[in-house]
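Counting starts at 1 for both ligands and their atoms, following the listed order. The shown structure was predicted, so the numbers you read here are calculated from the model rather than taken from an experiment.
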Amino acid sequence: MTTRTDIANMIFPNVTETIADLQSKYPARSESVVTRVAPSPTGFMHLGNFYSGLIANKFATQDNGIFFIRIEDTDQKRLTEWAVDLILKIFGQYDLKISEGPIGQNGSDIGNYGPYTQSQRKDLYEVFVKHLIQQGLAYPCWMSESEIESTREQQMKLKITPGIYGNYSLWRNKTPEEIASKIQENPNFVIRFRSHWDITKRVVFEDMSRGKVSMIDNYNDIVVIKSDGLPTYHLAHIADDTLMRTTHVIRGEEWLTSVPLHLQLFGAFDLPAPKYCHIAPLLKTEDGNKRKLSKRKDPEANMEYFAQSGFARQGVIEYLLTIIDSSFEDRQKSNPDKNYHDYKINLEKLNTSWALVDPIKLQSVNNNYLSRISTEDLYNQSLEWAQEYRPSLAEIMLRDPEYTKAALGIERHTEKDPKRFTTYQDIETQLMFFFDDQRENLQATKPALPENLTSEIVSKFVAEYTQNINLTMTPEDWFAQLKEIGKKHGFATNNAEFKEGGYIGKTGDLAMFLRIQLCCASRTPDLYSVMKILGKERVITRLNK
Ligand code: GLU
């Protein structure tokens, strides 16, 4: 007589270890919080992956726990070669420390709970499935695509809950003899979990951010091992998070409906389930409606977008923290010097229905961050950014670092601070006119002078102004002098005077002239500060042009 154990041995002749053996190989950890991020390396890194990774990372590290990375590469068709490196690079750039994973030299594993890449864990999954088969809780299945499809059609026609379960599963009730002979005839099969098939049963479980959740229990005989021998997500989740000793599974909401199945699987192995927290999807508003952030349509779905566009890493993280916790911004305002590592997050506070990605908010958070940091930090960060994304800007910034810093620093941290930098890209526009060669390039887009400023009037004014220019005065004295010289040339010093009539214009027109002539722009930081940084000689040369 053929037994279930015979079937298990036929399928997995080389598997001799038990789950208990594996558990002693990967013993319980001393940390009370162990979380992970488990990306599938299938292309660019989605903001959503980073977002849940950030939550898991903070949740672990704020409790001196472990945050590890596991690469979920069982869908071999969709793999992208460079994706793992990119994921690790991005976590590194944003200073989210990963303590275990394929993070060593040339992707070697660091940590005692590996391998950390699913495709290298096949033998471990086999121990789990062999156990299920021995217990009668899994069976091989040869149902073809067309058999599955016609079962579905039949169920739809009869208005029966669709799925492969109970008697709809053609191999579920075969005898071990029938299965044994089929294995010999056709080694191409999947392995299905044998679920109860009560479609009315409900299950209640606890989600860390949602509280009690009640759902229809799983009744499907889902596939646990695919025909290529690799596990599906479901089995891999049970085996990996058990052996890696994950305490908290923080993952996307798309997995919420799989929790009943996962709890059933943990039960089938008599293993404790971790705590779950399901993260709401990132949404975006379009034409007044909310929709999921799309990998195809939305550039900001790609993590690289933020660096390319010149957002500071800390700005991006602070922005994501405002989505994670609506009180973050207020807390941040009262502690402006704190780093994001200093904030604790509370999973119970997560918005469980959606998380809205708002580009305007991102800009404002980044602007606040860039406005807060020292000019030295602003220079260093933007230089690092420019070296990667705008080499020509980096070359300019490096010509005279002190000059550049002085230019960047105008009005920063003063009461009048116009918070000029929303992203590092703004540095480019705000810096160029300080450099003579770059200013030449701006000539083409130089704004026109006010009409009342004819070249004759202007040259007379310039002749006198350049004679008397003094950049060591106080701003008040400097402006008083401009008024005085202007008045001699027919420019009223205030509105009231101007209204009396007989003037060519006002002092403000002359300030605008200086601005346009010196900077080739009509909007610049504080004019006198700009002139002081340009220096007397440069100012005179530019005015005489
Ligand atoms: N690879 C899965 C995903 O990217 C991981 C989900 C999980 O964290 O368990 O959705």
Interfacing atoms of ligand 1 (cut-off 4.0 Å, heavy-atom, Ser40):
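Once the distances to Ser40 are compared, the set is 1 (N), 4 (O).
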Ligand 1 atoms nearer than 4.0 angstrom to some heavy atom of Glu72 are 1 (N), 2 (C), 5 (C)
Give me the nearest non-hydrogen protein atom to atom 8 (O) of ligand 1 as residue plus atom name, then the distance to 0.1 Å.
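Protein heavy atom at minimum distance: Arg36 NH1, 2.7 Å.
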What protein heavy atom sits nearest atom 5 (C) of ligand 1, and how far away is it?
Ala38 O, 3.2 Å
Axial cation check for Tyr113 ring with Arg29, 6.0 Å and 45° limits:
yes
Does NZ or CZ of Lys58 lie under 6.0 Å from the centre of the six-membered ring of Tyr343, at an angle within 45° of the ring axis?
no
Which of the listed options, Tyr233, Trp255, Tyr276, holds the heavy atom that is closest to atom 3 (C) of ligand 1?
Trp255
Which of parallel (below 30°), tilted (30 to 60°) and perpendicular (above 60°) describes [X] and [Y]?
X: Phe91; Y: Phe67; answer: tilted
X: Tyr424; Y: Trp385; answer: tilted
X: Tyr165; Y: Tyr168; answer: perpendicular

Would you kindly specify which portion of His237 sits under 4.0 Å from ligand 1, judged on non-hydrogen atoms: side chain, backbone, both or neither?
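It is neither part, as no heavy atom is under 4.0 Å.
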Before signing off on this row, confirm whether Val249 and ligand 1 have an N or O atom pair separated by under 3.5 Å.
no
